[in-house]
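When reading the values below, keep in mind they use all heavy atoms of this one structure, side chains included, and skip hydrogens, waters and symmetry mates. Chain letters run A, B, ... following the sequence lines, proteins first and then strands; every chain starts at 1. Keep in mind that what you see is a predicted model, and the values were worked out from it rather than measured.
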Amino acid sequence: MTLDLFDGEGVEPRRETIAEGAVVLRGFAGKAGPGLLAAIDLVASQSPFRHMQTPGGHTMSAAMTCCGELGWVTDRRGYRYEPRDPVTGQAWPRMPELFLKLASEAAAEAGFENFVPDACLINRYQPGAKMGLHQDRDEQDFSQPIVSVSLGLPIVFQFGGPRRSDRPVRVPLGHGDVVVWGGLARRHYHGVLTLKAGDHPLTGACRYNLTFRKAG
DNA sequence: AAGTAACT
DNA sequence: TGCG
């Protein structure tokens, strides 16, 4: 068993509380960056990144794909989880073991033991892409946390409260940072500001985000 | 609905 | 901030 895949294993990770029930593990996934990016490429070779439509007919600025038993999709019919990729008609690619291990260990570091996600949404942000404030509320089990992994270019994360009108805190996130939220914070609004242009040694001009959930 | 626009 |  490898003991040093992730920062914070065997030592105290740099942990920041951004709200009650929400923490950032600084750099936790940084060492695994190359392996995580290779796994993203493998997933995307089977289920390509695509720009989905919101129910209102707008095109999302972040390109998305999924892996795991369930994938999050949106189109004019609404938001939901699907066992198959609508683009390929096939099951979503299986969740890489490295993803499962990262999600589980990050959740444990944040106080959520035995987290076993069945869905991983992979978002790719290029300059100009953003994600407006929203709640994750399409899952069956709100007792399980959300684990969100940042790779590549930095971005500003917003974490608000249970109402959209609650003013969010702004948290700069960099490569390898992992945000975990659950409990009371599980339904809180969150999003990211517009990605600014840049160049990252591992990802070039983009940022990837892995969002792990227990959806079913 | 994870969207934009139009204000202050 | 309010929108629908």
Side-chain angles (χ1 to χ4, degrees), chain A residues 18-19 21-22 24 40 43-44 47-87 92 99 103 117-142 144-173 177-182 184-197 203 206-216:
Chain A
I18 61 175
V24 183
I40 291 170
V43 168
S47 276
F49 282 101
R50 80 293 306 261
H51 291 272
M52 295 195 279
Q53 303 287 123
T54 65
H58 295 106
T59 300
M60 296 187 72
S61 58
M64 301 177 169
T65 187
C66 301
C67 61
E69 292 174 30
L70 294 168
W72 185 84
V73 300
T74 173
D75 57 24
R76 286 176 201 80
R77 289 159 37 210
Y79 301 149
R80 63 198 176 277
Y81 283 92
E82 292 280 359
R84 287 177 173 272
D85 179 350
V87 168
W92 296 102
F99 281 19
D118 57 13
C120 175
L121 174 63
I122 306 173
N123 292 157
R124 185 188 65 201
Y125 295 82
Q126 287 169 316
K130 61 186 181 298
M131 184 72 70
L133 282 179
H134 66 279
Q135 295 171 299
D136 287 18
R137 55 178 196 185
D138 305 312
E139 299 76 27
Q140 295 288 145
D141 186 355
F142 293 103
Q144 294 303 302
I146 304 288
V147 174
S148 175
V149 179
S150 291
L151 296 169
L153 291 179
I155 206 163
V156 178
F157 179 61
Q158 298 194 98
F159 196 84
R163 296 168 304 178
R164 188 189 285 278
S165 56
D166 295 329
R167 180 210 281 244
V169 293
R170 278 139 95 115
V171 183
L173 295 179
D177 291 347
V178 179
V179 187
V180 181
W181 65 99
L184 292 174
R186 174 62 178 73
R187 311 170 97 112
H188 285 196
Y189 279 85
H190 56 281
V192 293
L193 301 185
T194 304
L195 185 75
K196 293 195 251 190
T203 66
C206 72
R207 168 184 185 260
Y208 293 97
N209 177 74
L210 309 175
T211 305
F212 296 97
R213 307 181 180 97
K214 179 77 177 80

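In this structure A:R167 satisfies the salt bridge (charged side-chain N to carboxylate O under 4.0 Å, His left out) test with no other residue, sequence neighbours excluded. In this view, A:Q126 satisfies the side chain to side chain donor-acceptor pair (under 3.5 Å) rule with no residue, not counting sequence neighbours. Take A:D166 and apply the salt bridge (charged side-chain N to carboxylate O under 4.0 Å, His left out) test, not counting sequence neighbours, and it matches A:R163. A:E69 pairs by the salt bridge (charged side-chain N to carboxylate O under 4.0 Å, His left out) definition with nothing, not counting sequence neighbours.
Residue pairs meeting the salt bridge (Lys or Arg N to Asp or Glu O under 4.0 Å) criterion with at least one member in residues 53-67 of chain A, sequence neighbours excluded, do not occur.
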Along nucleotides 1-8 of chain B, 5' to 3', which nucleotides get a B, which get an S, and which get a -, given that the test is a protein heavy-atom distance under 4.0 Å? BBSS----

